[in-house]
Amino acid sequence: MVSPIVLGIESSCDETGAGIVRDGVLLGHAIASSMDEHASYGGVVPEIASRAHLHALRPVVRRALDEAGLRLSDVGAVAVTTGPGLSGALQVGLAGAKGIAYALGVPLYGVHHLAGHVAADTLEHGPLPDPCMVLIVSGGHTSLLLVRDLVRDPIAHLGDTLDDAAGECFDKVARVFGLPYPGGPAVDRAAREGDPRAVPFPRPLPGSYHFSFSGLKTAAARWAEGHAGRELPVADGAASLQEAVADVLTRKAVAACREHGVTTLVVVGGVAANSRVRSLAQERCRAAGITLRVPPLKLCTDNGAMIAAVGDLLVRAGAEPAPLDVSIDPSAPLEYAALHPRTTAGSVAAAWWTSGSSGTASPRAATSWPTPPPSARCTPTPSAPRRGTKGLSGPPSSRDG
């Protein structure tokens, strides 16, 4: 039996993405970014991002379909990011996905953004081994996960960021160093001319699988302040910062693989595009006899293809689609790949859906499918924090790659 074509829509931060996947094969995808509109603010402004998604969603979906050589009527299921992310941005993508699913009479699937990053690797390297270790490194998240069946089993967290994520550290230190936004690519470029041993920056939380980059960020800022009135050796600072981040990430990931007897490490997220993170991960995995999988650069940052990949896996696993009154959860923890939060005001939409539906989009449930825990079905957070600003003052600092 041929699986349906899945359209995936991503709008959690500053990239509007659409992807087309069938049976694990990427047929087409397109991205529009509002990054340039945020650059002068030094971070993502939620209102600007939401407006940009409104303008970009239809053209991006059309470009993805054109690349795949398909029409909208060929789509057999729609998947969309329902959290975590910026509240307004998520709402735009969800509203568009609901409209397409209802108009076509096809099932709709809500997807956790971070599960999308994990699934992005399957589009390049095929199905994930069971089990595998996954290191998610992005602007707003740094997590070390033990993954079995991505869409059937709960996702086990071995470690998470306790304050600043890796990408957030890059963004904020880049600003101190006088480098442009976004900071991750700018630090990577500057580091090419520097000495990674020039500055002995700390390696946070040794002996733990959790991550903390707030102290490293502060150490870099204090080092820069120590050069007041003198020329700041930016290249050395960038190279040393990058080495510290890469060292912490890869050391913990390889140690977790060894402890749990896992032979495959998957590194995903925007910071997975960092050249030193990739090279050091390869070096340490080779030495430990671990297979390293990293998506191509185009699939590291936010994109619709990764959301379509999860939707495709959910469809083929017989997962139950979301109801049309599915909402968003801007701060949803990663527990399952499917994320179907409900809104307390959803009864009106549910009644409309029930009375207006022809039944063609009714859920195709599997009796063995696990029911998400209560925390995965909570009502949306009233106001979403700007990604990458946990408890910190100042402008939003990071995009979630």
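All values below come from the heavy atoms of this structure, side chains included, with hydrogens, waters and symmetry mates left out. In this text, all values refer to a predicted model and were calculated from it rather than measured experimentally.
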With sequence neighbours excluded, tell me which residues meet side chain to side chain contact (heavy atoms under 4.5 Å, CB included) with [X].
{"X": "P59", "result": "none"}
{"X": "L54", "result": "R51, V92"}
{"X": "A238", "result": "V187, A190, A191"}
{"X": "A64", "result": "A18, I20, A30"}

With sequence neighbours excluded, tell me which residues meet side-chain hydrogen bond (donor to acceptor under 3.5 Å, both in side chains) with [X].
{"X": "E225", "value": "R222"}
{"X": "R316", "value": "D312"}
{"X": "S143", "value": "D160"}

Quiz prompt | Residue pairs passing the salt bridge (Lys or Arg N to Asp or Glu O under 4.0 Å) test where at least one lies in residues 127-141, sequence neighbours excluded | solution =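 For residues 127-141, and leaving out neighbouring residues, the salt bridge (Lys or Arg N to Asp or Glu O under 4.0 Å) pairs sorted by first residue read D130-R148.
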
Self-check item: salt bridge (Lys or Arg N to Asp or Glu O under 4.0 Å) contacts in which one or both residues fall within residues 79-94, not counting sequence neighbours
Solution: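 Sorted pair list comes back empty.
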
Quiz item: How would you list all residue pairs meeting side chain to side chain donor-acceptor pair (under 3.5 Å) that involve residues 268-282, not counting sequence neighbours?
Solution: D188-S275, Q242-N274, E243-R276, R276-S279

Exercise. Please collect all side chain to side chain donor-acceptor pair (under 3.5 Å) contacts where either partner lies in residues 54-72, sequence neighbours excluded, each pair once.
Key: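 For residues 54-72: none.
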
For a quick test of your reading: what N or O donor-acceptor pairs under 3.5 Å do the side chains of residues 258-268 make, sequence neighbours left out?
residue : atom : partner : partner atom : Å
E259    : OE1  : Y209    : OH           : 2.6

